[in-house]
Every structure is written in structure tokens, then in C-alpha cells.
Undergrad: 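Before I ask anything, let me first share the structure, which is written out below as C-alpha cells.
Both backbone and side-chain heavy atoms feed into the values below; hydrogens, waters and symmetry mates do not.
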Amino acid sequence: MNKKTNKRKENNGITSIEDGRNADMGLKKNPKPARMANLELLRCVAMMMVIVLHYLGKGGMLSDLTGAAVSKAETAAWLLESFCIVAVNVYMFISGYFLCTSSFKVSRLIQLWLQIWAYSVGVGLIGALTGVLQETAFDTHYLLTLLFPVTMGHYWFMTAYVFLYLLLPFVGMAVKKMTKGQMQAALGILLLAFCVSKSILPVQLEMDRQGYDCLWYLCVFVAAAYVRRFGSAFLERKGRGLLLYAGCCLLVFGGTFALREVYLRTGGLERRIKMCLEYNHVLPFLAAAGLFGAFCRVRLRGRAADMVNRIAPYTLGVYLLHENLGLRYTWQKWLGAEGLAAAVGNADSGFGAVGSLFLWTGAAVLAVFACGILVDVARKGIFDGVHRICLKMGWYRKLMAVIERADALFR
């Protein structure tokens with residue numbers, strides 16, 4: 001090992017780890033790193049944006065862009081959609097930012113799978129047995145989806161995340177060892193192949209899944225790892241991250257309505273009208289990077305930081321609850337989506353309907369977020385209680401020892 005140590009810099013909140021000659025790149029092995037409250041706050045914001053997307057889309061607020069007319073309120077709904085479309089990329093960017101410096105853990109994989117399974121089976125059966133289930137048939141396929149949520153794609157995001165985590169022993173090691181030039185080249189190739197090309201071509205590529213797959217989140221993971229290790233000169237300047245986010249979101253909105261205009265005038269590009277709203281389009285990707293950079297500059301301390309750090313670990317439960325098949329198409333109606341959609345879709349709707357859209361959407365987001373946090377707090381309490389009880393059993397302690405040895409293999 002070379003005696004020369006690597007420099008670790010904090011560039012306006014964006015951590016940069018410069019590689020020197022050490023084989024391990026100077027990455028610190030801290031089993032319990034302190035939470036970064038600013039990024040945990042961003043995690044919460046991203047999950048709230050996800051709820052917005054599901055409330056607008058499944059609640060019927062987003063008009064058909066191939067129609068001849070779009071009301072003021074419907075235009076406002078599409079604008080809100082454009083500013084929240086970064087949510088999933090942001091959430092994965094945060095995950096990649098932390099995962100790239102951590103070790104693969106079998107225990108974490110098991111905990112994640114049990115959490116997904118508990119929501120999938122528990123909420124899915126409750127929804128079906130209570131009659132809440134809508135727009136999904138209660139059949140063998142439904143039951144298989146509940147029992148095998150990852151491989152059956154119950155939650156597409158979790159399927160992509162779990163498979164990405166399974167790749168962590170390979171890609172995690174790679175991004176720790178690669179030089180800055182190597183990472184730039186690799187990231188450039190990935191983005192060119194899976195982001196830039198689809199963003200400029202007027203046709204739908206056969207293998208393009210619009211970002212609903214593990215392959216796209218591998219690209220986001222590498223981008224986050226690059227920012228974690230080498231920083232971003234562009235985002236270091238004050239205000240640039242927020243400007244990039246706002247500018248790209250406005251371009252998403254403008255590009256979508258420009259393509260709509262092309263369709264109305266020519267009848268072409270019907271399938272590409274919403275291309276700017278796809279997760280692996282260059283605009284949502286850059287907007288997510290900009291929002292991440294903006295939050296890197298945020299400083300939270302004291303009680304505010306403590307509160308955020310306590311809430312953020314439960315945000316995944318918010319997603320697993322409200323996107324469960326047993327509730328996926330129902331909770332919007334409980335929160336006034338039907339009446340709001342009728343008001344928004346009224347051709348004569350004015351700024352009053354726009355105000356109602358933002359007010360009801362905001363209230364729905366807060367309600368779903370708070371409910372999801374509370375449910376996951378209860379879920380974790382149950383899991384912890386069962387774990388303590390099982391620790392009294394010899395076979396369980398032996399199983400924990402086996403899992404611990406498996407974790408040690410990847411440290």
C-alpha cells in the first residue's frame with residue numbers, strides 16, 4: 001500500500017473522493033455512517049413526488065394529449081407532472097450515492113425481501129378480502145403476484161432495485177476501483193446507449209423500457225457513484241443545481257406540448273408525445289441530477305435534522321403501501337380524485353380549478369405520506385419484536401450466525 005493518502009473533499013456538500021494510488025481508493029469503512037439530513041430530506045421529497053405522479057395519473061387528472069383541447073387545469077396538471085417526473089431517478093440517485101461505498105449484505109437483501117413480501121401479501125390480501133381491490137382480478141395470477149412480488153413484478157421499482165442490489169458485488173467493486181477517466185468513458189457510453197439516443201430519435205426503440213427496468217438504474221447508479229467519488233464541478237456553483245432542475249422540467253413540459261402540437265398538425269409521432277416524460281429521457285435524468293445537487297447544498301441541523309433522519313428510513317414503506325395491487329387504483333378515489341378530475345377536465349375551468357388541483361393534490365400527498373410512514377413504523381416494530389422472540393431459539397441464532405458469515409465475505 002502506498003503511504004500517500006487520498007484526498008476527501010466536501011465541495012459545497014457534494015462529496016468527492018479523489019483517487020490516488022491506493023488500491024482501495026481511500027474509501028473509509030464505516031459500518032454506521034452518519035445520515036446526511038439534507039439527502040434524507042430529498043428522499044422524503046422524492047417519495048412525495050411519487051405520490052403526486054400516482055395521484056394525477058391514476059386519479060384521472062392527466063388529459064389525453066391527443067385530444068383537440070386541454071383546459072387550463074389540465075395544463076397545470078401536466079406542468080405538475082413535469083416537475084415531479086424526476087422522483088424515481090432522484091430516489092435511485094440517492095440510493096446509488098450511498099450504495100457505491102457500501103458492501104453487499106445478504107442480511108440487507110433478506111430484510112428488503114421480507115419487507116416487500118410483508119406488504120405484498122398483507123395489504124394485497126386485505127384489499128382483496130375487504131372488497132377494496134379494483135381494476136385487478138382476484139385470480140391465480142394475482143395470488144402469485146402477491147407471493148412472489150419481485151419476480152412477478154408486483155412493484156416494478158422494487159424488482160429493478162432488488163436486481164440492481166444483486167449486482168452490487170460486481171458493479172460496486174468496479175466503481176470503487178475505476179479511475180476518473182475510466183468512469184467518465186463508461187458512464188458516457190451507458191448514457192449514450194440508453195439515454196441520449198432514445199431522447200433524440202423520433203421512433204420507439206424495441207428494447208426501450210422507458211426506464212422501468214434494472215438496466216436504466218444501473219446507469220443512474222454509475223452516475224451517482226461518479227458524483228460520490230469525483231464530485232461535479234457544474235453543481236458546485238450556488239444555484240446551478242436548482243436552475244438545472246427547473247430548466248429541464250420546463251423543457252419536459254414544453255417539449256411534451258410541442259410534440260402534441262406536431263401530432264395535431266400532422267397526425268405523426270403519436271407514440272412519442274410523452275417521450276420527454278420517460279424516466280430514461282435525458283431531461284428527467286439531468287433534472288434529477290440538478291435537484292440532487294441543489295439539496296447537497298442544503299444544511300439541516302438540530303431538531304429538524306433529527307426529525308428528517310427519523311422519518312426518512314420509512315419512506316420505502318410509503319411506496320409499498322400505496323402502490324400495492326390491493327390499493328393501487330382505490331386510494332385516489334378516497335381522497336377526492338373523481339370529483340377533482342371532473343373539475344379539472346371541465347373545458348370552462350379557470351384558475352379556481354387550478355387552485356383546487358394544487359390544494360387537493362397537496363392534501364392527498366400529505367395524507368398518503370403520513371399514513372405510509374405510520375404503517376411502516378408499525379411494521380418495523382412487529383419485525384423487531386418477532387426478531388427478539390426468535391433470538392431465544394437456537395436454530396434462529398445459528399441462522400443469524402450463517403448470515404453474518406455471509407455478510408463478512410463481502411466486507
Side-chain angles (χ1 to χ4, degrees), residues 7-18 28 30 32-53 79-80 82-102 220-221 223-252 279 283-319 358 361-362 365-366 368-370 372-373 376:
K7 297 180 181 178
R8 179 186 175 105
K9 302 189 299 182
E10 295 292 338
N11 293 328
N12 297 322
I14 302 177
T15 304
S16 171
I17 303 176
E18 291 188 346
K28 296 182 178 180
N30 188 356
K32 289 187 177 180
R35 287 189 174 274
M36 299 172 65
N38 54 341
L39 296 185
E40 297 302 333
L41 176 61
L42 179 58
R43 195 191 301 273
C44 295
V45 171
M47 186 53 65
M48 290 182 182
M49 287 180 169
V50 169
I51 302 171
V52 170
L53 297 177
L79 180 63
L80 186 56
S82 300
F83 271 82
C84 292
I85 201 63
V86 303
V88 179
N89 284 342
V90 167
Y91 206 89
M92 183 54 73
F93 206 100
I94 297 170
S95 298
Y97 188 80
F98 292 115
L99 279 177
C100 71
T101 58
S102 63
V220 179
F221 174 89
Y226 180 85
V227 171
R228 181 66 186 262
R229 286 194 54 202
F230 304 109
S232 171
F234 178 84
L235 295 177
E236 289 171 15
R237 296 289 184 87
K238 184 178 181 180
R240 282 189 176 181
L242 193 59
L243 183 62
L244 179 62
Y245 164 68
C248 287
C249 289
L250 288 173
L251 286 175
V252 167
Y279 295 138
L283 291 177
F285 171 72
L286 291 177
L291 190 60
F292 179 87
F295 269 79
C296 279
R297 299 187 61 87
V298 174
R299 291 292 176 266
L300 285 181
R301 296 181 178 86
R303 292 183 178 179
D306 292 339
M307 181 177 296
V308 169
N309 287 335
R310 284 198 296 268
I311 293 175
Y314 301 104
T315 54
L316 184 60
V318 177
Y319 171 75
F358 284 99
T361 301
V365 168
L366 292 177
V368 173
F369 186 82
I373 293 296
D376 203 54

Undergrad: Please name the residue in the list L242, I94, V90, L41 that meets the side chain to side chain contact (heavy atoms under 4.5 Å, CB included) test with F295.
TA: L41
Undergrad: Using 0.5 Å steps for rounding, measure from the CG atom of L79 to the CG atom of L250.
TA: 7.0 Å
Undergrad: Determine yes or no for a side-chain-to-main-chain donor-acceptor pair under 3.5 angstrom, with D376 supplying the side chain and V318 the backbone.
TA: no
Undergrad: Would you name the heavy atoms of A304 and L300 that are closest together and state the gap between them?
TA: CB-CD2, 4.4 Å
Undergrad: Which pair of non-hydrogen atoms, one from A289 and one from L235, has the smallest distance, and what is that distance?
TA: O-CD1, 3.6 Å
Undergrad: What pair of heavy atoms forms the shortest contact from F358 to L80, and how long is it?
TA: CE2-CD1, 4.0 Å
Undergrad: For the CG atom of L291 and the SG atom of C248, what is their distance to the nearest 0.5 Å?
TA: 11.0 Å
Undergrad: Taking all heavy atoms of R297 and all of E236, pick out the closest pair and write down the distance.
TA: NH1-O, 2.9 Å
Undergrad: Is the backbone N or O of Y91 less than 3.5 Å from a side-chain atom of S95, with the two atoms forming a donor-acceptor pair by type?
TA: yes
Undergrad: Rounded to the nearest 0.5 Å, how far does CE of M48 lie from OG1 of T361?
TA: 14.0 Å
Undergrad: Hey, could you give me the CG/SG distance between L39 and C296, rounded to the nearest 0.5 Å?
TA: 5.0 Å
Undergrad: Below 4.5 Å, heavy atoms only, C-beta onward: do M49 and F83 meet side chain to side chain?
TA: no
Undergrad: Can you tell if the side chain of Y319 reaches within under 4.5 Å of the side chain of V88, non-hydrogen atoms only?
TA: no
Undergrad: If you take all heavy atoms of L244 and L286, which pair is closest and at what distance?
TA: CD2-O, 3.4 Å
Undergrad: Supply the atom-to-atom distance E40 CD to M307 CE, rounded to the nearest 0.5 angstrom.
TA: 15.0 Å
Undergrad: For M36 and Y97, what are the C-alpha separation, side-chain angles and deciding distance, and is it a side-chain contact (heavy atoms from CB on, under 4.5 Å)?
TA: CA-CA 11 Å; M36 299 172 65; Y97 188 80; 4.2 Å; yes
Undergrad: Any heavy-atom pair between the side chains of F93 and V227 that's under 4.5 Å?
TA: yes
Undergrad: Grab the two heavy atoms, one from F221 and one from G96, that are nearest each other, plus how far apart they are.
TA: CD1-CA, 3.7 Å
Undergrad: Can you tell me how far apart CG (N309) and CZ (R43) are? Round to the nearest 0.5 Å.
TA: 10.0 Å
